[in-house]
Amino acid sequence: MAYWLLKSEPDAFSWDELKKRGAKGEPWTGIRNHTAKLNLMKMKKGERGFFYHSNVGKEIVGICEIVRDSYPDPTAKTGEPWVAVDIKALEPMLKPVTLADIKAEPKLSAIQLLKQSRLSVPQVTDSEWKIVCKMGGLK
DNA sequence: GCCAACGTTGGC
DNA sequence: GCCAACGTTGGC
């Protein structure tokens, strides 16, 4: 079981909007970066990710679940290699975990979110996942 | 194949 | 609004 972090600017697509999609979820399209694409391709149905609001908020607001393995991104031009997955909202953080919180936690100093701040789909390790869940008030 | 120029992302 | 990081493009 791998864990992920999905960045979204809430002005473009927020956690609340994802929640409104319900169990059907939402296609996660528009990734145009090869590192992020490789991560999308590794995602398997049933795996989980943190939903992070970039720019506005800068905090992890909830947990989402991958509900469909990667498939060709319908918003890509023909012949382009980009892929998408579908995700749905699983549960909100009881307390959002901010970027400042993450930076202030020594155990999270190696998290890819901090190491590669521009990567829109970084991976999260098992131990990082547990720490952030705890910080967010979840078991 | 190198590297300068440029564009984009995202934190501050 | 600025700037650092970094990916991409294009000239050589």
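Chain naming here is simple, since letters A, B, ... match the order of the sequence lines and numbering starts at 1 in each.
Considering OG1 of A:Thr125 and NZ of A:Lys130, their distance stands at 9.0 Å, rounded to 0.5 Å. A:Lys115 NZ to A:Ser109 OG: the interatomic distance, rounded to the nearest 0.5 Å, is 6.5 Å.
For A:His34, the listed nucleotide lying nearest its side chain is C:dT8; candidates were B:dG11, C:dG7, C:dT8.
We find that CZ of A:Arg118 is positioned 8 Å from P of C:dC6, with the value rounded to whole Å. Atom-to-atom, CG of A:Asp11 to C1' of B:dT9 comes out at 14 Å; the value is rounded to the nearest Å. In this structure, CG of A:Leu6 is placed 12 Å from P of B:dG10, rounded to the nearest angstrom. For A:His53 and B:dG11, the NE2 to C1' distance is 17 Å, given to the nearest whole Å. Rounded to whole angstrom, the span from the CD1 atom of A:Ile102 across to the P atom of B:dG11 amounts to 10 Å. Straight-line distance from the CG atom of A:Leu114 to the C1' atom of B:dG11: 11 Å, rounded to whole Å. With rounding to whole Å, A:Glu59 atom CD is found 16 Å from B:dG10 atom P. Following rounding to the nearest Å, A:Leu119 (CG) and B:dG11 (P) show an atom-to-atom distance of 12 Å.
No hydrogens or angles considered: nothing links the side chains of A:Thr35 and A:Arg118 as a donor-acceptor pair under 3.5 Å.
At the phosphate of B:dG11, OP1 or OP2 sits under 4.0 Å from a side-chain N or O atom of A:Tyr52. OP1 or OP2 of B:dG10 lies within a sub-4.0 Å distance of a side-chain N or O belonging to A:Lys7.
Classification of A:Asp73 and A:Lys37 as a salt-bridged pair fails, no side-chain N sitting under 4.0 Å from a carboxylate O.
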